[in-house]
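Remember, it's a predicted structure, so these values are computed and weren't measured experimentally.
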Amino acid sequence: MEFSGIVGGIPFISLFIFTGILVNLIQVSCYLTIRPVSKSTFRRINGAITELLWLEVVWLMEWWSGFEVKVHTDAKTCQLMGKEHAIIMPNHVSDSDTLLTWMLAQRVGCLRSALTIVKKTTRYLPVFGWTNWFSESIFLDRNWAKDESKLKSSFEALSDYPTPFWMTIFVEGTRLTADKLLEAQSFASSKGYPIPKNVLIPKTKGIVTAVQSLRSFVPAIYDVTIAIPKHQPFFPTLLTFLKMQPCKVAVHIKRYSTKDLPESDQGIAQWCRNRFIAKDELLENFAATGTFDEEEITEFRRSTKSLIVTLIFASIFLVGGWIFLKRLSSGWQYPILATIIGSVAIVVHIFIEFTKMPPPKIKATQICTQ
């Protein structure tokens, strides 16, 4: 039930809001004072403090809920991840996919520069949206007439980024649902394309713009395939994380050099469509075998850094909250505490509702690899 998720989420969201407000205040101060003097210095400071907040999210996934990710890739890709600018191109199966890319980025040392392209309404989410705005994530209207120039200018602004960054692009444009898959299958049938079973038809304008704008200084694009093992009782979402429901995900990563991609817009678009056809076949094989061909990278274990950071902020939060309540007169302590808890519960509800999958319009069987 969502109620149990709200109750279970109050401690974490309280800590997240507390840390986020501190991070946002520092971001505002640095944006007004340091960025006009040195954009590079601002980016480094902003990245360092943003990482502290995102580490709490990593802790929620790994230590609180028991989320496990198994990464499969080749040795060369493993060595290069986190040491170069890269475009990240995953399939989109859940509201937790962005959080998953943060977890991967944390493992390779570039969580502080993990950027993403998200819908514009995300900007207004408390703490989460504000922090992403300062970190130069890109917010889109989902209207190409408005988004094209925004994408180009945002990509060009990254040319002097001081540390290796990951720019995540969900080219399917939306999360995979039974309704969306049925629409994709109907569209593919009408166009004579291969019929997808596990992915949607990619919307290629964004990835074409990204490759053409970034290829001069971004050497790689990582084709990321996210697979959910069969017969798993829980699906990875924000709600299951808050409810401490453990789940597993397998991730396949294949690196492509941007210089080796086609030069024309049409060629890049077709390359992207071909990759999603291959991604669909890869997921079919995973459903049958329960694994990917590439060897699992066993070093991807739970983050000790996220545990330490979360414990430190939790200690500060608890001690500070206790001192604050003790200084209040006895008649005000409980009403203020109840107000704070109620306000946090509302924020938890907002996050859950924002990330919740829309109700299906058709009677659906399980899709992807469930």
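- Within the 3.5 Å criterion, the main-chain N or O of Leu151 finds no donor-acceptor partner in the side chain of Ser154.
- Here Trp130 and Tyr124 keep their ring centres 6.0 angstrom or further from each other.
- Remark: of the listed residues Thr131, Leu53, Thr50, Thr131 is the sole one forming a side-chain contact (heavy atoms from CB on, under 4.5 Å) with Asn24.
- Using cut-offs of 30° and 60° for the angle between ring planes, the Phe286 and Phe292 rings count as tilted.
- When ring centroids are compared, Tyr31 and Trp133 come within the 6.0 Å threshold.
- With hydrogens and angles ignored, the 3.5 Å screen pairs no side-chain donor or acceptor of Thr116 with any backbone N or O of Ser137.
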Residue pair Glu148, Lys152: steps toward the salt bridge (charged side-chain N to carboxylate O under 4.0 Å, His left out) verdict
CA-CA 6 Å; Glu148 182 178 13; Lys152 290 181 178 179; 3.4 Å; yes
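- Between Lys305 and Glu51 there is a salt bridge, since at least one side-chain N of the basic residue sits less than 4.0 Å from a carboxylate O of the acidic one.
- Panel note: side chain Ser113, backbone Pro164; a donor-acceptor pair is recorded below 3.5 Å.
- Inter-residue side-chain proximity for Trp166 and Leu115 is flagged as unmet; no heavy-atom pair is nearer than 4.5 Å.
- Using a 4.5 Å cut-off between side-chain heavy atoms of Ile, Leu, Val, Met, Phe, Trp and Tyr, Ile201 falls into a hydrophobic cluster with Phe187, Tyr193.
- A donor-acceptor pair under 3.5 Å is absent between the side-chain atoms of Thr77 and the main chain of Thr73, judged by distance alone.
- Counting only distance, with no hydrogens or angles, the side chain of Ser343 and the backbone of Thr339 share a donor-acceptor pair below 3.5 Å.
- Taking the six-membered ring for Trp and the full ring otherwise, the centers of Trp63 and Phe241 sit at least 6.0 Å from each other.
- In this structure, the side chain of Thr101 engages the main chain of Thr98 through a donor-acceptor pair within 3.5 Å.
- A donor-acceptor pair is defined here as one N or O able to donate and one able to accept, closer than 3.5 Å; such a pair exists between the side chain of Lys83 and the backbone of Gln79.
- Separation of the Phe313 and Phe18 ring centroids does not fall under the 6.0 Å cut-off.
- Both the sub-6.0 Å distance and the 45° axial angle are not jointly satisfied by Lys326 relative to the ring of Phe324.
- Remark: side-chain polar atoms of Glu172 are paired, donor with acceptor, to backbone N or O of His92 under 3.5 angstrom.
- Asp141 contributes no side-chain N or O that, together with a main-chain N or O of Asn143, makes up a donor-acceptor pair within less than 3.5 Å.
- A cation-pi arrangement, defined by a distance under 6.0 Å to the six-membered ring centre and an angle within 45 degrees of its axis, is present between Arg123 and Phe139.
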